[in-house]
Amino acid sequence: MLQISFIQTNADKVVAGLEKRNFPDAGNVIKKVLDLDTERRSIQSEHDSVLSESNGLSKQIGMLMKDGKREEAETVKAKTASLKAKSKTLGEALSKTEAALQSLLYTIPNVPNEAVPGGRSEKDNEIVSNHGSSPALGADALPHWELVKKYDIIDFELGNKVTGAGFPFYKGKGARLQRAMKNYFLDKAVEAGFVEVQPPIFINKESGLGTGQLPDKDGQMYHMTEDDLYAIPTAEVPITNMYRDVILKKEALPVKHVGFTPCFRREAGSWGAHVRGLNRLHQFDKVEIVLIDLPENSYDRLKEMCGHVQMLLESLGLEYRVLNLCGGDLGFTAAQTFDMEVFSAAQDKWLEVSSVSNFETYQANRLKLRYKEDKKTTLLHTLNGSALALPRILAAILENNQTPEGIKIPDVLVPYCGFDTID
RNA sequence: AGAGAGUUGGCAGAGUGGUCGAAUGCGGCGGUCUUGAAAACCGUUGUACCGCGAGGUACCGGGGGUUCGAAUCCCUCACUCUCUGCCA
């Protein structure tokens with residue numbers, strides 16, 4: 001969430017930023033925040049001074065008891081009653097105000113970076129660049145959901161039977177190709193200096209709050225009520241939360257991690273005819289890169305991470321484009337996001353395969369992730385990106401590389417697969 | 001899952017109702033000494049909030065309670081360890 005100190009000194013900037021996101025009634029919401037904060041401070045001052053007085057009396061009582069002056073102690077004790085009542089009232093008022101401020105802050109998204117274009121929806125995203133090209137497919141070209149049937153490499157019906165829609169089975173060369181991509185993506189990230197981790201795929205409430213999935217996206221995660229755990233929607237959550245309540249030494253920066261996990265998304269309300277096959281799933285595999293660094297470096301790091309993702313896409317020979325997300329399409333916690341979309345030729349569609357974001361201090365403030373220098377602690381910047389999400393890459397490879405002889409596996413994956421054609 | 005024992009500052013580890021935000025040791029930082037280093041010695045060393053400041057408040061696993069006063073007593077939850085059970 002946003003830092004209250006930042007809002008205090010940059011109220012206009014915050015309001016303007018929120019308006020760029022089309023956040024409703026930004027001016028009034030920010031005013032409410034500032035009012036609550038003023039109230040909080042005045043209550044705390046008063047509360048603290050009552051506590052201070054009461055602490056003083058308690059100490060007096062202690063000393064009197066020690067000296068055996070029991071009666072004098074009783075006299076002082078009588079004085080504490082009114083203070084106690086006062087401190088109780090003030091304490092309750094303080095918690096109430098703090099809670100109100102906190103929950104209001106939780107509803108406020110991050111302020112977009114200046115380079116984020118204005119706009120309402122994905123239609124307004126800025127296309128930064130186009131790369132590569134897709135093959136001209138014949139009229140008989142099949143979309144991937146037909147191809148996977150033809151070669152029997154993914155079984156959606158079986159998934160329906162065993163679990164439900166959006167939980168496919170990968171079979172034979174389909175499963176092996178998934179495994180190949182996973183290993184290839186992990187190896188490339190490790191080469192780029194990301195330290196591999198294999199995190200838990202369930203997380204607790206604190207972690208959900210730390211990276212901002214809670215309370216904002218409560219309904220989008222699978223929730224196991226028996227143990228009050230959530231299935232992760234992305235490895236970002238457990239990996240970034242490794243650093244919750246951590247004060248890093250400056251020398252430890254940048255922190256770079258990569259992890260492979262399945263990701264679980266309920267996708268409530270976003271199901272429909274336009275999301276066929278692998279385009280949208282409840283469970284999918286993803287390799288995620290996470291980076292933590294000093295505020296002054298974070299936008300350079302964002303570029304580096306985008307560069308890494310682009311290198312992967314180029315090595316796979318896929319046509320892709322880079323989008324600078326507009327304010328209206330930006331995720332709740334992000335200050336700036338670049339999406340990478342690959343062209344899936346047979347369905348004639350761009351598929352988002354990576355989303356690389358800088359959260360600036362928004363997550364760090366919730367996580368209490370800081371670094372220390374000369375006795376001063378400062379919030380760090382967190383970033384993450386997909387590198388990459390597997391199913392949509394698979395969809396594009398299947399469609400773009402289909403030939404009469406079968407589906408050609410990109411050269412870089414052949415050593416990982418052990419075969420060069422799916423036929 | 002059952003029984004028992006625990007959870008204290010970066011780490012180790014005292015502290016069982018009152019000047020305890022917390023002894024001591026180690027580590028870290030600064031200094032003295034040294035050609036340099038080590039050793040020794042001296043000093044310093046948590047986080048957040050409020051306050052212009054002086055200073056104040058809170059935090060001893062989380063939450064709640066008893067009390068004028070809680071690291072210390074009570075309740076509750078989580079986690080760790082030991083034994084038993086179960087299990088990839």
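Letters A, B, ... are given to chains in the order of the sequence lines, protein chains preceding strands, and every chain is numbered from 1.
- For A/Asn55 and B/rG69, the shortest distance from a side-chain N or O to OP1 or OP2 is not below 4.0 Å.
- The side chain of A/Asp48 sits closest to B/rU57 out of B/rU57, B/rU19, B/rG69.
- Taking 4.0 angstrom as the limit, A/Ser58 places none of its side-chain polar atoms (N or O) nearer than this to OP1 or OP2 of B/rG18.
- When heavy atoms are screened at a 4.0 angstrom cut-off, A/Lys372 is found touching the sugar-phosphate backbone but no base atom.
- Contact between the side-chain N/O atoms of A/Arg370 and the OP1/OP2 oxygens of B/rU47 is not found at any separation under 4.0 Å.
- Neither side chain, A/Tyr362 nor A/His381, offers a donor N or O lying under 3.5 Å from an acceptor on the other.
- One atom, CD of A/Glu251, and another, P of B/rG28, lie 14 Å apart when rounded to the nearest Å.
- Side chains of A/Thr211 and A/Gln363: no donor on one and acceptor on the other come within 3.5 Å.
- With salt bridges taken as basic N to acidic carboxylate O contacts below 4.0 Å, one links A/Asp152 and A/Lys171.
- With a cut-off of 3.5 Å on both Watson-Crick or G-U wobble distances, the partner of B/rG43 is given as B/rC29.
- Atom pair A/Asp245:CG and B/rA48:P shows a separation of 11 Å (rounding to whole Å applied).
- The main-chain N or O of A/Val116 is never found under 3.5 Å from a side-chain atom of A/Asn324 such that the two would form a donor-acceptor pair.
- Taking the nucleotide of RNA chain B with the nearest heavy atom to each of A/Gln44 and A/Ile61, the more 5' of the two is matched to A/Gln44.
- The number of heavy atoms from other shown groups lying within 6.0 Å of CZ (A/Arg244) is above 12.
- Of the two residues near RNA chain B, A/Lys77 and A/His47, the one whose nearest nucleotide lies more 5' is A/His47.
- Within 4.0 Å (heavy atoms only), A/Leu83 reaches no atom of the nucleic acid at all.
- For A/Arg41 and B/rG51, the shortest distance from a side-chain N or O to OP1 or OP2 is below 4.0 Å.
- The shortest distance between the side-chain N/O atoms of A/Thr377 and the OP1/OP2 oxygens of B/rA48 is below 4.0 Å.
- The side chain of A/Met65 approaches B/rC68 more closely than any other nucleotide in the set B/rU19, B/rC49, B/rC68.
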